[in-house]
Amino acid sequence: MSIEKTLSIIKPDATARNITGQVNSIIEKSGLKIIAQKRIKLTKDVASKFYEVHKDRPFYQDLVSFMVSGPVVVQVLQGNNAVALYRQVMGSTNPEEAEEGTIRKEFAQSIEANSVHGSDSLENAQKEISFFFAETELFES
Ligand code: IDP
Ligand code: MG
């Protein structure tokens, strides 16, 4: 058992439908704790940088446009094995493949508008958290 932190983003398709509370409810029922959270507008520069790892994928430009199309909620989640646990709680990237009870199965509209982001490794979680949050915004409990 190891206490980890991971970065979550509630994406524009979810903020547009006013379901951030419902997403948070699934997160909290899983045992993960939301230790930091802010609702922001990503600029094109920030979204492009955040998803730079996908810059050669065919969906990159569309993904960046989608991520700036409305507000997002960036969050830090903390708990036992938070990185892997949140990937499970989110469900598969493609909602058609996501398991019952996962956020993406419940709420995602498409493989792109899939409601949430979650870090895919502990190393990336640390990088992504510091991309959005200053040390002073994180109050571990
Ligand atoms: P993940 O969010 O499950 O980690 P990634 O492969 O890292 O999935 O892709 C990042 C994001 O890019 C996805 O969450 C989704 O919004 C979008 N995306 C991934 N694959 C496709 C695709 O085939 N078409 C359109 N958008 C995609
Ligand atoms: Mg990913």
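Atoms within a ligand are numbered from 1 in the order they appear, just like the ligands themselves.
Cluster annotation: V74 and I129 are assigned to the same hydrophobic cluster (Ile/Leu/Val/Met/Phe/Trp/Tyr, side-chain heavy-atom contacts under 4.5 Å, transitive).
Between R87 and ligand 1, at least one pair of N/O atoms sits closer than 3.5 Å. Between K11 and ligand 1, an N or O atom pair is found at a separation short of 3.5 Å.
Of the possible donor and acceptor atoms, one in the side chain of S110 sits under 3.5 Å from a partner among the backbone N and O of E112. Panel note: side chain K41, backbone V68; a donor-acceptor pair is recorded below 3.5 Å. Not one N or O on the side chain of Q75 forms a donor-acceptor pair closer than 3.5 Å with the backbone of S8. K38 places a side-chain N or O within donor-acceptor distance of the main-chain N or O of F132, the cut-off being under 3.5 Å.
Relative ring orientation between F50 and F131 is described as tilted, the plane-to-plane angle lying within the 30° to 60° band.
F59 CD2, 3.5 Å is the protein heavy atom nearest to atom 22 (C) of ligand 1. The shortest contact between atom 16 (O) of ligand 1 and any protein heavy atom is with E112 O, 2.8 Å. Given atom 2 (O) of ligand 1, the protein heavy atom at minimum distance is R104 NH2, 3.0 Å. Atom 15 (C) of ligand 1 has its closest protein heavy atom at I111 O, 3.2 Å. Protein heavy atom at the shortest distance from atom 3 (O) of ligand 1 is T93 OG1, 2.5 Å.
Atoms of ligand 1 found under 4.0 Å from any heavy atom of N114 (numbered from 1 in listed order, with element): 13 (C), 14 (O), 15 (C), 16 (O). For ligand 1, the atoms closer than 4.0 angstrom to any heavy atom of H54 are 5 (P), 6 (O), 7 (O), 9 (O), 10 (C).
Counting heavy atoms under 4.0 Å from ligand 1, residue L63 touches it through the side chain alone.
Between S115 and the choices D13, T102, T20, the side chain to side chain donor-acceptor pair (under 3.5 Å) rule is met once, by D13.
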